[in-house]
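Lettering of chains follows the sequences in order, A, B, ..., and the numbering in each one begins at 1.
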Amino acid sequence: MTAAPSRAARSEDMQVVKLRHWGRLAGAIVAVAVVAALLYVLVTSPNVDWGTVGSYLGDPAILSGVLVTLELTVLAMVIGILLGTLLAVMRLSKNPVLRTVSAGYVWFIRSIPQLVQILFWYNIALFIPVIAIGGMRVSTNHVVTPIVAATLGLGLNEAAYMSEIVRAGILSIDRGQTEAASALGYRPGQIMGRIVLPQAMRVIIPPTSNEVIGMLKATSLVSVIGAADLLTHAQSISSANFKVIELLLVASFWYIVATTVASIGQHYLEKRYRWSVAPGGGRSFLSRLTGRRPVVRPEKTA
Amino acid sequence: MTGRNEETRGTASPMVEAIGVRKSYGNVEVLSGVDFVANAGEVTCILGPSGGGKSTFLRCINHLERIDGGALYVDGELVGYRRQGNRLYEMKERETAERRSRIGMVFQQFNLFAHMTVLTNAIDPQVRVKGRPVQEARRRAEELLERVGLAEKRDMYPRQLSGGQQQRAAIARALAMDPDLMLFDEPTSALDPELVGEVLAVMKDLARSGMTMIVVTHEMSFAREVADRVAFFDGGLLVESGAPGEFFSNPRTERARAFLRRVM
Ligand SMILES: Nc1ncnc2c1ncn2[C@@H]1O[C@H](COP(=O)(O)OP(=O)(O)OP(=O)(O)O)[C@@H](O)[C@H]1O
Ligand SMILES: [Mg+2]
């Protein structure tokens with residue numbers, strides 16, 4: 001141990017020694033070793049035919065399955081976000097009827113497993129065989145194709161969860177914002193749309209990205225009704241050639257690609273909504289790495 | 001206890017008139033029959049101990065709070081209600097919003113919109129609420145930011161400003177709506193002492209320009225210097241009101257005397 005520095009020592013003479021994080025380094029080494037070992041086992045396994053994996057990565061059936069998975073994800077999330085926002089606003093309204101309807105919906109949907117909901121929509125023709133609108137009558141099975149059943153099952157379920165996310169976002173905004181807007185004469189719809197929701201986005205986006213990523217994989221549930229998604233195609237191929245592990249690896253590859261892209265999208269979206277933080281708070285990853293501060297708008301001298 | 005305004009200046013007409021206004025939260029009566037008048041073109045300061053109902057009363061004036069009894073008129077019109085014969089019908093949010101847009105309000109906590117720059121804060125309400133063309137709204141906003149000394153800060157976000165700057169921006173935002181009446185609820189109470197002066201200066205300037213102002217404040221020197229009338233609230237009642245010189249030097253009620261002993 002060193003003695004206390006003499007008081008005479010001037011600060012310019014001293015050198016700053018940053019705290020060294022030995023624990024982090026050790027942790028990184030262990031993590032890399034574990035991952036390398038797992039990869040080694042997988043890659044060298046005599047039971048995995050890597051040639052097959054490679055040849056099916058770009059298979060047209062697999063690619064069309066990827067497309068359907070992406071479509072389902074987007075449609076279900078659009079339904080989930082729009083209906084979820086509506087449910088959240090209803091839940092927070094002064095109108096007791098709207099509040100109750102919203103709470104009832106969320107309770108009901110969350111009580112039923114997602115797989116059951118998908119099967120329910122798929123089989124809805126069993127108890128509503130014909131849809132009649134005005135004079136038009138169509139067979140329910142014509143309208144509710146597997147894709148429609150999958151979209152409804154996933155989207156309506158998602159709305160219940162999204163409504164809680166949006167509600168949390170709305171509640172995170174200080175009441176003063178709403179009061180100031182009311183005092184200025186904004187109408188209730190404008191207050192929600194112009195003032196509260198845009199600010200709530202910062203709180204809403206991270207869990208919503210989580211939901212998108214969850215949805216990408218939840219779409220695989222629809223393989224039970226043969227909705228032509230990625231897993232449906234992978235399974236139908238492997239049931240013919242018995243390369244089960246290989247095709248699951250092919251499917252996993254594409255799920256990883258999709259979730260990676262979604263995560264990158266999340267990063268950029270969050271950056272866009274990083275207004276109103278303290279000066280210097282909205283810095284990009286690059287500027288944090290390089291330590292360069294963003295250029296602050298020079299003040300005009302009047 | 002005094003009645004309603006015993007002496008108004010010249011031919012002043014009432015901008016705000018409250019008659020027996022009552023307001024309760026649950027079982028607790030917060031306003032127990034407030035009679036109050038604020039004249040057009042005058043500055044009225046509302047003083048009184050904490051919990052006396054000052055903020056509540058101010059919020060009733062622009063119907064942020066609903067009143068449970070009595071009547072409240074702004075510029076001769078009932079606030080939040082329409083009268084037909086002997087009945088008062090509560091107005092739709094839409095109609096209330098239209099009337100509110102003619103009353104500016106400045107809050108203790110500033111409440112600038114956090115996701116908008118200072119300039120956008122002052123433009124957006126003009127465009128969304130008043131339907132002004134954006135260019136015109138922009139000119140008006142720039143003019144008012146200049147007036148409160150924030151011309152160079154207009155592209156900053158609220159959190160990048162000091163409290164005093166935020167409060168001046170909030171005043172500019174309210175003024176951009178060209179209100180007939182400005183309400184201030186302890187506009188300097190959340191500020192560091194050295195920032196109070198810049199906000200009070202803007203308010204004095206506004207008072208000189210003839211704006212009708214109702215100011216809830218604990219700044220006794222401001223009330224003494226700027227107010228045309230002071231109204232003293234305690235226990236949910238307007239206990240005493242009058243010209244500031246008279247009120248400060250010779251309060252008539254024991255409650256006002258006790259309050260002044262504590263704060264002066
Ligand atoms: N939303 C509310 N719900 C219940 N009680 C409330 C509510 N708002 C205010 N009160 C009560 O009403 C009374 C008057 O409050 P008000 O804010 O009007 O006082 P004030 O005179 O402005 O005080 P201060 O000087 O501390 O701001 C207080 O006792 C307060 O606790
Ligand atoms: Mg108050």
Side-chain angles (χ1 to χ4, degrees), chain A residues 89-90 92-95 98 166 169-205 269-283 293-302, chain B residues 55 58-59 61-65 92-117 120-122 124-131 146 149-161 170 173-177 179 182-183 185 190:
Chain A
V89 172
M90 283 166 63
L92 295 171
S93 89
K94 285 188 214 125
N95 182 332
L98 296 181
V166 174
I170 293 173
L171 289 176
S172 75
I173 302 306
D174 182 51
R175 261 190 67 76
Q177 297 284 307
T178 310
E179 280 189 354
S182 295
L184 284 160
Y186 283 82
R187 293 188 300 274
Q190 291 177 314
I191 296 175
M192 195 46 76
R194 296 276 317 161
I195 308 299
V196 177
L197 280 178
Q199 296 190 52
M201 286 308 252
R202 271 202 315 171
V203 173
I204 292 174
I205 286 172
L269 205 56
E270 279 179 23
K271 231 173 74 176
R272 246 205 77 197
Y273 281 96
R274 217 174 281 168
W275 39 261
S276 84
V277 284
R283 296 166 64 196
R293 300 226 132 231
V295 183
V296 174
R297 189 184 300 276
E299 284 180 19
K300 264 186 255 159
T301 41
Chain B
S55 299
L58 206 64
R59 293 157 58 81
I61 294 176
N62 65 358
H63 205 50
L64 280 178
E65 303 285 351
K92 291 235 167 74
E93 286 278 2
R94 222 188 166 76
E95 298 170 83
T96 310
E98 203 280 321
R99 290 203 184 163
R100 275 194 195 124
S101 71
R102 290 183 262 155
I103 304 174
M105 184 153 190
V106 174
F107 300 85
Q108 187 173 347
Q109 298 299 337
F110 329 132
N111 295 341
L112 288 169
F113 301 135
H115 60 312
M116 298 179 184
T117 63
T120 315
N121 260 282
D124 198 70
Q126 298 182 60
V127 175
R128 304 284 153 185
V129 177
K130 283 193 109 102
E146 178 88 53
L150 285 177
E152 332 74 271
K153 303 283 183 199
R154 61 183 203 177
D155 293 322
M156 299 274 213
Y157 284 95
R159 299 224 183 136
Q160 298 172 311
L161 301 183
R173 174 177 71 176
L175 290 176
M177 301 295 282
M182 285 285 285
L183 309 175
D185 191 0

Per-residue tally against chain A (heavy atom, under 4.5 Å) across B:Leu112, B:Val106, B:Ile103, B:Asn62 peaks at B:Leu112
Residue part contacting chain A, namely of B:Arg99, when any heavy atom lies under 4.5 Å: neither
Any donor-acceptor N/O pair, A:Gln190 side chain to B:Arg128 backbone, under 3.5 Å: yes
Checking B:Glu93 against chain A: side chain, backbone, both or neither under 4.5 Å from a heavy atom? side chain
Where does B:Phe113 contact chain A at under 4.5 Å (heavy atoms): side chain, backbone, both or neither? both
B:Ala97 and A:Tyr186: which non-hydrogen atoms are nearest, and at how many Å? CB-O, 4.1 Å
Any side-chain to backbone donor/acceptor pair from B:His115 onto A:Arg194? Under 3.5 Å, distance only. yes
Flag the pair A:Leu184 / B:Arg173 as yes when at least one side-chain heavy-atom distance between them is below 4.5 Å, and no otherwise. yes
Please name all residues satisfying salt bridge (Lys or Arg N to Asp or Glu O under 4.0 Å) with A:Arg187, sequence neighbours left out, ordered by chain then number. none
Nearest atoms (heavy-atom pairs only) where B:Leu64 meets A:Ser182: CD2-CB, 3.7 Å
Sequence neighbours excluded, which residues qualify as side-chain hydrogen bond (donor to acceptor under 3.5 Å, both in side chains) partners of A:Gln177? A:Gln199
Shortest non-hydrogen separation from A:Ala183 to B:Phe107 and the atoms involved: CB-CZ, 4.0 Å
